[in-house]
Amino acid sequence: MRDAVSAEQQAVFNRGNNVGVLAQQLFPGGVDATSGKRSNNGESVKRTQELIASGSEVIYEAAFQHDRVLAILDILVKKEGKWYAYEVKSSIKISQTYLLDASLQYWVITNSGLTLEDINLITVNSQYIRRGELKIHELFNFTSVKKDALKNQEMIKENIDRSKHVLEGFSIPDISIGEHCFSPYPCDFMKTCWKNVPKNSVFEISGIPKSEQFNLYNAGFTTIKKIPKKNDLDKNANIHIEAIKTGEVKVDLVGIKKFLEKVKYPLLFMDFETFMPAVPIFNNTKPYQHIPFQYSIHFKKDKNAAVEHFEFLAEQGVDPRRSFIESLLKDTETEGTILVYDVLMERNVLNGLKNDFPEYSAVIDSRLKRIIDLVQPFQERSYYHPAMKNSFSMKNLLPALVPELNYSNLKISSGSIAMIAFEKLQKETDMFKILDTRDHLLEYCKLDTLAMVKVFEVLEKEVLKLES
Ligand code: SF4
């Protein structure tokens, strides 16, 4: 049975559809070949042929079929009597997978009887900066991929023949799980094929190549406990293996103390949420730029003080950057260390805001200087819990260190879901839905910084425990 589509996957599909529809404006006045019911591909193929025959020169969602293989092309255009194919990708880069997709489309279209003068991929131009109205011709890049498509024709034919042979057979091919389950994307059938992979399998060691995981698995070392002491894995993977085998938490008092000595009260535990619209919504922003829209800060005056909470969530539909930075600077005025967890995003956002608002550059710098990354003692394995699975994501760390706090009951339970939720709000008009989403966003971001407070307290307690 096919796995359910996750909220993150659905958001990627929606983004692709939205960018595809926008790109139609590059060739305005076209006719959509989609039949009333999207699933009726046969009708779409027929309608495409009718549109071509009746003289349509721009066709959206043009459908073709050859040798029982269907291809649906985003935009088909006739210029000076010649046909040009355009496939739209919401990405900024052309991947090998896109080239293979285009090659398959070329094979189906040309073999179905239409000669193509060229086939192009339309991608998002990462260098485009929105200034005022959206300039659609500057937002997209065109790349001819006909050469690649021609080069791949024989291979496409062979693969189609092989697939047909499988489909015509009476049994499911006996293929074991392997690296192919992740290439080019994680397969939709993993819940079925991977159901016999045991708990604590070698695949639960993050940070090592898939090829190494499969080497171990295929050699019979299916679970971490079976991996021999002498192996080719790196030091960090072996720390995880050891932790799983012994079930013990590794605590390096010297490392933790060294980290804690750098941290000065009062403490601010800070976390940002950003969203990255493929098509820039606000002036002076680029495609996929991180736009900060929310932060949460927990404040602790001294070791024994109760925590206070500050938060910011931008209004939807307006550029949040100025109000975000002005509010943040106010809420971080006090002295002391600013703790973040995995600093890269926060640092990038603050550096980006320095460019956007040069008048705040010096004061943003003063905040940047106070930031210390709470991930450090975990990354350096000064504290290592078997449940961390060689990964330092807060989602792994929290259930291990602070089981009473967890993300599982939250409607918004990850940064990527928060990102999708806020992007959706930009067009939402239903006030109940807006308020509901905002509540969930606030709840999620607040938990992120409360989690940091609790994780930090665990480190402090470890030092106390071992010293006493
Ligand atoms: S073996 Fe892997 S790639 Fe093949 S169907 Fe199963 S999960 Fe998908």
Side-chain angles (χ1 to χ4, degrees), residues 1-17 38-39 41 65 67-72 87 89-91 93-105 107-108 148 152-227 232-233 237 240-241 244 389-391 393 395-396 408 413-414 416-417:
M1 199 176 71
R2 199 178 205 132
D3 300 347
V5 175
S6 69
E8 285 93 339
Q9 283 171 319
Q10 191 56 53
V12 173
F13 298 152
N14 293 346
R15 167 172 285 166
N17 289 340
R38 195 170 170 92
S39 56
N41 293 322
Q65 197 161 17
D67 204 9
R68 290 189 288 150
V69 182
L70 177 81
I72 299 178
E87 184 62 13
K89 302 291 177 193
S90 57
S91 167
K93 282 195 191 131
I94 293 179
S95 66
Q96 196 54 31
T97 309
Y98 294 167
L99 290 177
L100 289 175
D101 274 356
S103 304
L104 175 66
Q105 284 175 319
W107 185 85
V108 175
D148 299 89
N152 289 333
Q153 290 306 281
E154 210 174 305
M155 182 259 288
I156 294 283
K157 169 88 177 91
E158 282 167 15
N159 278 341
I160 288 172
D161 287 345
R162 204 173 313 132
S163 306
K164 273 164 49 189
H165 184 71
V166 171
L167 289 171
E168 281 156 9
F170 292 104
S171 56
I172 297 170
D174 185 17
I175 294 178
S176 315
I177 59 167
E179 286 181 70
H180 50 267
C181 300
F182 301 90
S183 175
Y185 309 110
C187 179
D188 286 351
F189 293 91
M190 287 182 68
K191 280 210 176 100
T192 305
C193 299
W194 284 61
K195 65 177 186 293
N196 294 328
V197 172
K199 203 169 168 269
N200 279 326
S201 77
V202 290
F203 302 110
E204 290 185 26
I205 314 174
S206 315
I208 63 167
K210 285 268 172 296
S211 54
E212 284 201 56
Q213 293 175 336
F214 278 104
N215 284 345
L216 287 165
Y217 189 78
N218 294 332
F221 306 121
T222 46
T223 60
I224 293 171
K225 284 192 175 164
K226 287 185 182 169
I227 299 175
D232 293 334
L233 298 175
H240 179 61
I241 293 167
I244 289 289
K389 300 181 179 174
N390 205 22
S391 147
S393 137
K395 308 287 172 300
N396 281 2
S408 57
S413 56
S414 73
S416 47
I417 297 177

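Just the heavy atoms: all of them, side chains too, but no hydrogens, waters or symmetry mates, feed the values below. Counting starts at 1 for both ligands and their atoms, following the listed order.
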Under-2.8 Å protein N/O/S neighbours of atom 6 (Fe) of ligand 1, ordered by chain then residue number: C193 SG
Reported OH-to-CD1 distance for the pair Y217 and I227, which is rounded to 0.5 angstrom: 12.5 Å
Taking the side chain as every heavy atom from C-beta outward, state whether [X] and [Y] have any atom pair closer than 4.5 Å.
| X | Y | result |
| --- | --- | --- |
| L104 | V69 | yes |
| I177 | C193 | yes |
| E204 | I244 | no |

Q65 side chain vs A71 backbone, donor-acceptor pair below 3.5 Å: no
Near-ring test F189/W194, centroid separation under 6.0 angstrom: no
For atom 4 (Fe) of ligand 1, the protein heavy atom that lies nearest, with its residue and separation: H180 CD2, 4.3 Å
